[in-house]
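Worksheet: the structure to be examined is printed underneath.
Model, not experiment: these values are computed from the prediction. Lettering follows sequence order; numbering is per chain, from 1.
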Amino acid sequence: MANKNQKRWYALFTAPLLIIFTTVVIIPFIIGIYYAFFEWDGIAANEKVFVGFENFTSLFQDERFLESAWLTILFTVLSVITINVVGLSFALLVTSKLRTSNIARTMLFMPYLIGGLILGYIWQFVFLDVFALFGEVTGLDKIFFNWLIDPQFALYGLVFVFTWQMAGYIMIIYIAGLQGIPNDVVEASKIDGATPWQRFSRITLPLLMPALTISLFLTLSSAFKIYDVNLSLTGGGPANSTEMFAMNIYNEIFGSGNYGFGQAKAIVFFLIVAAITLTQVYITKKREVEM
Amino acid sequence: MGKIKNVIKDVLLILLALVFLSPIYIIFVNSFKDRQELYDNALSLPSNFSFQYYLEAMEKMNFLSAIGNSLYVTIVSVIFIVVLSSMTAWMLVRSNNKLSTFIFMTFIATMLIPFQTLMMPLMQLMSSITNNLGIPMYNTREGLIFMNVGFHASLSVFLYHGFIKSIPITLEEAATIDGATKFGVFWRIIFPMLKPITATVMILNVISIWNDFLLPSLTLIDVNLRTIPLSTFYFFGEFSIQWNLAMAGLTLTIIPVVIFYALAQKHIIKGIGEGAVK
């Protein structure tokens with residue numbers, strides 16, 4: 001009796017969320033794998049033609065997809081480095097006991113709240129007008145011009161804006177990590193005569209490994225999946241020079257109407273994201289030190 | 001001597017933060033300028049504060065309707081997420097069996113699935129539910145809320161799960177002996193104890209749902225249903241960019257975020273930190 005009652009409560013508490021979650025995540029995921037083996041234009045009345053693994057093999061002949069894969073990797077590597085360097089530097093700055101550090105922390109976090117789509121539009125203008133103006137005034141017009149119209153520089157523009165968005169967020173994570181480092185360890189190293197750089201590289205950094213694991217995971221996966229900023233800042237242009245993975249998949253499915261082929265790309269995208277983030281977590285976890 | 005050094009450091013830090021936020025300043029000052037003034041100098045303060053462009057942008061963006069939609073979708077989604085995922089997480093922690101472990105692991109594993117992998121089949125499923133079962137999932141705010149709850153379930157259950165594990169079970173046992181039902185135990189004893197993690201869950205979900213563009217753009221077709229990111233997108237798409245008008249539009253979209261941040265700034269920064277470390 002008690003056991004039966006127990007089960008009833010269990011179902012009552014978990015079923016609503018599980019039903020929603022299954023409908024929204026699990027079932028679409030399974031249907032998605034199924035669609036990837038068909039050629040289909042997305043129109044319900046039109047026939048779905050089973051093509052086996054053909055969608056997956058033709059991925060490797062799709063030059064635009066391969067190009068976007070390369071761009072995504074380049075973009076991810078660059079942004080992961082800049083976001084973490086900037087985020088950690090901010091964290092070190094605002095945890096030094098200055099009177100203005102709280103307000104600075106609040107301000108530096110702000111861009112993260114605004115949302116990728118809006119940020120992209122804001123920066124469109126900054127590149128268009130302010131960068132150009134800056135180049136004119138300083139004479140450095142080889143460096144400061146509208147990056148977004150140059151196929152080579154547009155990608156750096158995207159890295160720049162994405163760093164602006166994420167750095168404050170990553171700063172918060174590093175702050176949490178820094179606050180977890182016991183003061184006596186730092187004091188002891190000072191007494192032993194360690195230089196600031198030695199203190200940072202031998203003590204702070206190793207003890208920050210758990211925060212680094214999370215920060216790398218968050219920056220890696222969000223850089224890989226970037227869409228909103230990409231859409232509003234460059235729209236993938238000029239000449240597809242900034243079309244990332246996520247946008248390429250969107251365009252293949254909803255732009256060109258290649259539902260089956262696009263879905264195959266989406267499955268491969270999932271496998272790559274999962275493989276990369278799991279590998280990263282595995283590697284950095286091993287380097288975490290126990291206190 | 002040390003004092004002066006600290007003052008200089010203080011000033012430098014604030015300067016850094018101001019430079020960092022300068023794009024927001026640029027958007028704000030130019031939202032009051034006419035075209036000529038804007039192109040003369042984009043960095044100067046406006047010569048007069050006229051709200052003309054704001055009124056125009058508000059009308060073209062259908063701003064009031066968009067903010068109503070965004071508020072409705074965000075608030076209702078977050079309430080459902082908090083209620084359902086805390087209940088689920090509690091049951092999963094307290095009934096420690098194979099089924100619970102399996103469900104929890106499924107939640108965790110699906111966090112690795114990018115939205116792009118699910119978007120097409122999800123839209124197929126939602127329109128088929130709408131057409132065949134008559135449940136209006138597609139092109140309704142309620143359907144979007146349903147999907148928001150599903151997509152944010154994993155992270156929220158994960159956060160609650162970690163927190164609940166650290167709460168001792170004795171209080172619950174005492175209440176049960178006193179004759180409380182599971183429902184009573186959860187709502188009277190457990191849920192109030194979850195406050196800190198509930199704050200984190202709410203903040204993370206508010207940020208992500210309020211700013212979400214792709215999912216609403218796929219589900220909401222009706223012009224009157226558009227949320228803020230959607231109306232901004234169409235605003236930029238439909239009019240060849242008149243920058244002064246665009247700046248007013250962008251400032252409008254930032255205002256709600258700034259208000260939210262000003263009201264809950266301490267909780268937001270604390271919540272994000274705790275959410276990440278857990």
Side-chain angles (χ1 to χ4, degrees), chain A residues 9-10 13-14 16-18 20-21 23-25 27-29 31-32 35 93-94 98-101 103-110 113-118 121-123 125-126 129-130 133 169 172-173 175-176 214 225 227-228 232 246 249-250 253 259 262-263 266-267 269-270 273-274 277, chain B residues 6 9-10 13-14 16-17 20-21 23-24 26-27 42-43 84-85 87-88 90-92 95 103 110 112-118 120-122 124-125 146-147 149-151 153 157 182 207 210-211 213-214 229 232-233 236 243 246-247 250 253-254 257 260-261 265 269 272-274 276-277:
Chain A
W9 281 115
Y10 191 84
F13 269 66
T14 57
L17 190 69
L18 288 178
I20 300 173
F21 177 70
T23 318
V24 175
V25 178
I27 297 175
F29 185 64
I31 307 177
Y35 278 140
L93 279 176
V94 299
L98 288 171
R99 262 175 306 172
T100 49
S101 60
I103 182 154
R105 181 183 309 195
T106 309
M107 289 166 74
L108 296 173
F109 179 70
M110 176 90 201
L113 285 170
I114 295 175
L117 194 86
I118 315 276
Y121 290 127
I122 294 177
W123 276 91
F125 181 77
V126 177
D129 194 286
V130 183
L133 183 83
Y169 178 51
I172 299 292
I173 294 164
I175 290 173
I214 302 157
K225 294 190 278 197
Y227 181 78
D228 294 13
S232 58
I249 291 166
Y250 182 92
I253 297 177
Y259 276 52
Q263 188 55 31
I267 299 293
F269 182 48
F270 158 67
V273 172
T277 44
Chain B
N6 269 346
K9 277 190 192 163
D10 267 326
L13 189 57
I14 284 297
L16 171 80
F20 193 72
L21 284 185
I24 295 174
I26 290 166
I27 295 302
L43 298 177
L84 297 181
S85 53
M87 281 175 23
T88 304
W90 181 61
M91 265 300 164
L92 294 182
S95 326
I103 295 173
T110 54
L112 290 169
I113 306 175
F115 178 72
Q116 276 76 12
T117 306
L118 301 172
M120 188 273 271
L122 177 73
Q124 299 292 327
L125 183 65
F146 185 89
M147 288 180 251
V149 175
F151 280 122
V157 167
K182 287 266 178 200
I207 296 170
W210 183 270
N211 289 325
F213 165 72
L214 190 48
T232 313
F233 177 74
F236 272 80
W243 274 108
M247 307 280 192
L250 289 173
T253 63
I254 297 176
V257 178
F260 170 66
Y261 196 33
Q265 174 244 112
I269 292 197
I272 298 278
E274 276 168 8
V277 180

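No other option in A:Y121, A:Y227, A:Y250 has as many heavy-atom pairs under 4.5 Å with chain B as A:Y121. Looking only at heavy-atom pairs under 4.5 Å with chain B, the residue among A:R99, A:K225, A:R105 that has the most is A:R99. Ranked by heavy-atom pairs under 4.5 Å with chain A, the first of B:V257, B:L84, B:D10 is B:D10. The candidate with the highest count of non-hydrogen atom pairs below 4.5 Å against chain B, out of A:G115, A:P28, A:A246, is A:P28. For the set B:L21, B:L92, B:L43, B:I103, the entry with the most heavy-atom pairs within less than 4.5 Å of chain A is B:L21. Ranked by heavy-atom pairs under 4.5 Å with chain A, the list B:T117, B:L112, B:T232, B:T110 is led by B:T117. Of the listed residues (A:I114, A:I27, A:L93), the one with the most heavy-atom contacts under 4.5 Å to chain B is A:I114. When B:V157, B:V149, B:I113, B:I24 are compared by the number of non-hydrogen pairs under 4.5 Å with chain A, B:I113 comes out ahead. In terms of heavy-atom pairs under 4.5 Å with chain B, the best-connected choice from A:I122, A:V126, A:I253 is A:I122. The candidate with the highest count of non-hydrogen atom pairs below 4.5 Å against chain B, out of A:I31, A:T14, A:L113, A:I172, is A:L113.
Considering only residues two or more places apart in sequence or on other chains, B:W243 meets the ring-ring contact (aromatic ring centres under 6.0 Å, His included) condition with A:F125. Under the rule for a side chain to side chain donor-acceptor pair (under 3.5 Å), A:S101 has no partner lying at least two apart in sequence or in another chain.
Heavy-atom distances place the side chain of B:W90, and not its backbone, under 4.5 Å from chain A. Interface remark: B:T253 contributes side-chain atoms only to the contact with chain A (heavy atom separation under 4.5 Å). With a 4.5 Å cut-off on non-hydrogen atoms, B:Q116 touches chain A through its backbone and its side chain both. Residue contact with chain A, scored on non-hydrogen atoms closer than 4.5 Å, involves the side chain of B:I26 exclusively. Only the side chain of B:I254 comes within contact range of chain A, with heavy atoms under 4.5 Å apart. For A:T106, the parts lying under 4.5 angstrom from a heavy atom of chain B are both the backbone and the side chain. The contact between B:I27 and chain A is made entirely by side chain atoms (from C-beta outward), counting heavy-atom distances below 4.5 Å. Within the 4.5 angstrom heavy-atom criterion, atoms from both the backbone and the side chain of A:F270 approach chain B. Of the atoms belonging to B:I269, heavy atoms from both backbone and side chain fall under 4.5 Å from chain A.
In terms of heavy-atom proximity, A:F21 sits nearest to B:A153 at CD1-CB, 4.1 Å. Counting all heavy atoms, side chain and backbone alike, A:A104 lies closest to A:V94 at CB-CG1, 4.1 Å. Scanning both residues, B:L13 and A:L98, for their nearest heavy atoms gives CD2-CD1, 4.1 Å. In plain terms, the two heavy atoms of A:L108 and B:A17 that are nearest each other are CD2-CA, 4.0 Å. Closest approach of B:F236 to B:A246, counting heavy atoms only: CZ-CB, 3.7 Å.
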Please step through side-chain contact (heavy atoms from CB on, under 4.5 Å) for the pair B:F20 and A:M107, ending with a clear verdict. CA-CA 8 Å; B:F20 193 72; A:M107 289 166 74; over 6 Å; no
Apply the test ring-ring contact (aromatic ring centres under 6.0 Å, His included) to residues B:F151 and B:F115: give CA-CA distance (whole Å), side-chain angles for both, the deciding distance (0.1 Å), then the verdict. CA-CA 9 Å; B:F151 280 122; B:F115 178 72; 5.2 Å; yes
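When the shell of 6.0 Å around CD1 of A:I103 is examined, it contains 12 or fewer heavy atoms from other residues, nucleotides or ligands.
Note that CE of B:M87 and CZ of A:F13 are 5.5 Å apart. Values are rounded to the nearest 0.5 Å.
A 4.5 Å side-chain heavy-atom check between A:D228 and B:N211 finds every atom pair outside the cut-off.
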